[in-house]
Amino acid sequence: MNVFEILQDRGFLSTDSEELTRQVTDPKIKEILGKKKVTCYIGFDPTASSLHVGNLLQVMVLAHMQRAGHRPIAIVGGGTGLVGDPSGKSEMRQLLNEERIQANMDSQKKQLAHFLDFSEGKALMLNNADWLTPLNYIEFLRDIGRHFSINHMLTAESVKLRMETGLSFLEFNYSILQAYDFLHLSQNYDCILQMGGSDQWGNICAGTDLIRRVEAEKGSKKKAYGITYPLLTTASGAKMGKTEKGAVWLSDELLSSYEYYQFWRNVEDQDVQKFLGLFTFLPMEEVRCLGKLEGKDINQAKEVLAFEVTKLNHGEEAAKKAQESAKKLFSGGGQAGAIASVEINREDLSAGIPIIELFHRAKLAKSKSEVRRLIQNGGAYLNRERVESIDLQVNLDSLENDEILLQAGKKRFARVVLG
RNA sequence: GGAGGGAUACCUAAGUGGCCAACGGGGGUGGACUGUAAAUCCACUGGCUUCGCCUUCAGAGGUUCGAAUCCUCUUCCCUCCA
């Protein structure tokens with residue numbers, strides 16, 4: 001099986017030839033991927049300091065490419081980030097300054113390294129600011145700009161969407177810059193394939209078109225290809241990777257490995273098999289087998305999913321820890337190591353601390369009013385027993401094994417230890 | 001530069017002098033039912049020293065017993081004309 005087929009098998013690409021034409025600019029790419037080693041790239045957005053689950057699909061695609069012996073390039077849009085992709089956005093995005101982008105890039109690379117092997121040039125990470133910022137406007141217009149037709153660009157879905165609210169010239173240029181990226185990579189790194197989410201279709205096509213035109217002018221037949229995959233939504237239609245707290249970050253500084261594990265443990269039933277295919281490297285026979293589980297049994301598949309995905313991002317040890325913690329907590333057993341803890345000093349505790357304050361300090365609620373409501377709704381637990389009164393004072397008597405287990409609802413825990 | 005429209009809580013969007021901490025929807029949080037799922041139903045969703053008090057309706061002033069609502073100025077956004 002070549003990578004293309006693997007991607008089809010795992011659910012990145014459709015097996016339906018009709019649908020596939022909307023995912024692939026030219027079906028020949030399938031053959032090419034089987035025949036020779038190619039260089040391919042995906043662009044990443046430098047607006048956040050960490051990648052999140054929404055980016056994970058892209059990362060997995062690159063990882064599959066590398067495993068198949070191809071060379072993936074991750075482009076961080078240091079240059080295009082200064083412009084802002086209007087695709088799918090109804091409003092103009094906030095522009096970032098350069099220092100910020102640089103810092104974000106650095107931390108994103110660390111995260112990518114969990115999935116890709118950057119040694120010996122087996123994978124590359126490049127910043128498009130390196131070739132975009134030195135561009136000379138007049139030269140650029142003459143060499144690149146003349147290949148673009150405004151008439152054509154105006155028909156782009158992303159542009160139409162903005163006809164009502166307005167689209168700045170800056171943003172209008174975004175796809176040209178992205179096309180130029182592709183051209184640059186094609187010429188300097190022999191990159192022939194760009195991949196991305198389906199919202200990138202227009203931008204990717206702009207790139208393949210540009211390369212074709214520029215090459216044709218030189219009398220060359222060199223071609224470039226594009227592959228897109230659907231934007232991921234959960235079975236209930238929500239965007240992947242967003243939770244009440246915001247994005248599901250890959251960085252353990254922004255989201256603990258325990259919470260990351262929990263995110264995957266709690267996916268909807270219908271998504272389990274799909275996610276196993278997309279976000280793990282488990283053999284598909286096993287994936288299909290797990291996907292067949294029904295009713296309560298599907299929880300086993302969810303555990304596998306959560307474990308495998310956490311392992312990829314945070315390492316095996318963290319995954320094990322998260323799994324154990326979760327099992328202990330939810331099976332009602334002892335204490336867990338991976339849940340957040342707060343320190344309270346002994347004097348404070350022996351004097352007695354109002355329960356409201358304790359929950360607030362443990363960060364289980366943003367305000368004391370929130371704690372009040374939580375208790376009134378019967379969702380607050382102290383050492384597994386429901387807190388009945390908002391006036392409860394907690395003192396040394398509540399210690400069990402030198403700690404106090406607080407719980408908000410069924411899934412949020414914190415422990416209090418003496419500090 | 002001219003004319004007009006707008007800015008309300010996480011998002012969306014009502015409210016145009018007191019009944020407004022502000023309708024509704026979304027989202028979120030809790031509860032019930034469950035399988036740490038989905039669907040459904042119920043409650044909650046500014047803060048606090050919580051039967052009361054305090055700070056909110058872009059910002060600053062003003063009118064009034066009383067303003068998110070009226071007036072003035074400022075900032076920002078949008079539409080149309082140039």
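Per chain, numbering begins at 1; letters A, B, ... match sequence-line order. Reckoned from all heavy atoms, side chains included, excluding hydrogens, waters and symmetry mates.
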Atom [atom1] of [X] and atom [atom2] of [N]: how far apart are they, to the nearest Å?
| X | N | atom1 | atom2 | value |
| --- | --- | --- | --- | --- |
| A/Phe263 | B/rA37 | CZ | P | 14 Å |
| A/Lys411 | B/rG31 | NZ | P | 10 Å |
| A/Gln407 | B/rU36 | CD | C1' | 11 Å |
| A/Asp297 | B/rG35 | CG | P | 12 Å |
| A/Arg384 | B/rU36 | CZ | P | 13 Å |
| A/His360 | B/rC48 | NE2 | C1' | 11 Å |
| A/Glu294 | B/rA38 | CD | P | 18 Å |
| A/Phe359 | B/rC48 | CZ | P | 16 Å |

Original post:
Between B/rU36 and A/Tyr258, is there an OP1 or OP2 to side-chain N/O distance shorter than 4.0 Å?
Top reply: no
### Query
Below 4.0 angstrom from OP1 or OP2 of B/rU36, is there any side-chain N or O of A/Arg412?
no
Next on the checklist: Once side-chain hydrogen bond (donor to acceptor under 3.5 Å, both in side chains) is applied, what residue pairs with a partner in residues 365-381 of chain A remain, sequence neighbours excluded?
Outcome noted: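 Every side-chain hydrogen bond (donor to acceptor under 3.5 Å, both in side chains) pair that includes a residue of residues 365-381 of chain A, provided the two are not neighbours, is A/Tyr381-A/Arg386.
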Quick note, side-chain hydrogen bond (donor to acceptor under 3.5 Å, both in side chains) partners involving residues 303-313 of chain A, not counting sequence neighbours, are none
Exercise. Using atom types as modelled and distance alone, determine if a side-chain donor or acceptor of A/Asn383 lies under 3.5 Å from a backbone N or O of A/Leu405.
Key: yes
Of A/Ala380 and A/Tyr261, the one whose closest nucleotide on RNA chain B sits nearer the 5' end is A/Ala380
Upstream residue (5' side of RNA chain B) when A/Gly378 and A/Ile356 are each assigned their closest nucleotide:
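Going by which nucleotide is closer to the 5' end, it is A/Gly378.
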Read 5' to 3' with Watson-Crick or G-U pairs under 3.5 Å, [ ] for crossing pairs and | for partners on another strand, RNA chain B gives ((((((((.[[[..)..(.....]]]((((((.......))))))(((...)))...[[[[[..)....]]]]]))))))).
Distance-only donor-acceptor hits, side chain of residues 350-358 of chain A, under 3.5 Å, sequence neighbours excluded:
| from | atom 1 | to | atom 2 | distance (Å) |
| --- | --- | --- | --- | --- |
| A/Ser350 | OG | A/Arg346 | O | 3.1 |
| A/Ser350 | OG | A/Glu347 | O | 3.0 |
| A/Glu357 | OE2 | A/Arg361 | NE | 3.3 |

Residues in residues 365-377 of chain A with a heavy atom under 4.0 Å of RNA chain B, by number, are A/Ser367, A/Lys368, A/Ser369, A/Arg372, A/Arg373, A/Leu374, A/Asn377
Ordered by number, residues from residues 301-308 of chain A within less than 4.0 Å of RNA chain B (heavy atoms) are A/Lys302
Under 4.0 Å between any heavy atoms, over every strand shown, what does A/Val267 touch: base, sugar-phosphate, or nothing? Just pick one. sugar-phosphate
Next item on the list: Indicate, with a heavy-atom threshold strictly under 4.0 Å, whether A/Ile298 touches base, sugar-phosphate, or nothing.
Entry: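 Base contact.
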If we take the [atom1] atom in both [N] and [M], what is their distance in whole Å?
| N | M | atom1 | answer |
| --- | --- | --- | --- |
| B/rU69 | B/rC54 | C1' | 22 Å |
| B/rG17 | B/rA67 | P | 14 Å |
| B/rA9 | B/rC23 | C1' | 14 Å |
| B/rA13 | B/rC81 | C1' | 30 Å |
| B/rA38 | B/rG28 | P | 10 Å |
| B/rG24 | B/rC77 | C1' | 26 Å |
| B/rG15 | B/rC65 | C1' | 23 Å |
| B/rU50 | B/rC44 | C1' | 15 Å |

Other residues, nucleotides and ligands only: do more than 12 of their heavy atoms fall within 6.0 Å of [atom1] on [X]?
| X | atom1 | value |
| --- | --- | --- |
| A/Arg142 | CZ | no |
| A/Glu294 | CD | no |
| A/Glu31 | CD | no |

A/Ile404 and side chain to side chain contact (heavy atoms under 4.5 Å, CB included): which single residue from A/Val342, A/Leu382, A/Ile344 fits?
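Testing each of A/Val342, A/Leu382, A/Ile344 against A/Ile404, the sole residue satisfying side chain to side chain contact (heavy atoms under 4.5 Å, CB included) is A/Leu382.
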When rounded to the nearest 0.5 Å, the distance separating CZ of A/Arg10 from CE of A/Met1 is 9.0 Å
Can a side-chain donor-acceptor contact be found between A/Ser50 and A/Gln111 if the only test is distance below 3.5 angstrom? yes
Nearest-nucleotide pick for A/Arg265, side chain only, options being B/rU36, B/rG35, B/rA37: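 Between B/rU36, B/rG35, B/rA37, the one nearest the side chain of A/Arg265 would be B/rU36.
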Per atom distances to the A/Lys410 side chain, the nearest of B/rA37, B/rC33, B/rG35 is B/rC33
- Task: May I ask you to verify whether the side chain of A/Asp269 and the base of B/rG35 hold a donor-acceptor pair under 3.5 Å?
- Result: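 Yes.
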Practice problem: Just say parallel, tilted or perpendicular for the rings of A/Phe140 and A/Tyr180, cut-offs at 30° and 60°. | Solution: perpendicular
Notebook entry, point to check: Just one of A/Asp269, A/Asp271, A/Asn266 clears the side-chain hydrogen bond (donor to acceptor under 3.5 Å, both in side chains) bar with A/Lys302, so which one?
Noted result: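 Single side-chain hydrogen bond (donor to acceptor under 3.5 Å, both in side chains) partner of A/Lys302 among A/Asp269, A/Asp271, A/Asn266: A/Asp269.
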Answer yes when A/Arg384 and A/Glu400 have at least one side-chain N-carboxylate O distance shorter than 4.0 Å, and no when they do not.
no
| message | Set out, in order, the CA-CA distance, both residues' side-chain angles and the distance that settles side chain to side chain contact (heavy atoms under 4.5 Å, CB included) for A/Met65 and A/Leu193, then state yes or no. | response | CA-CA 11 Å; A/Met65 294 303 284; A/Leu193 174 64; 3.9 Å; yes
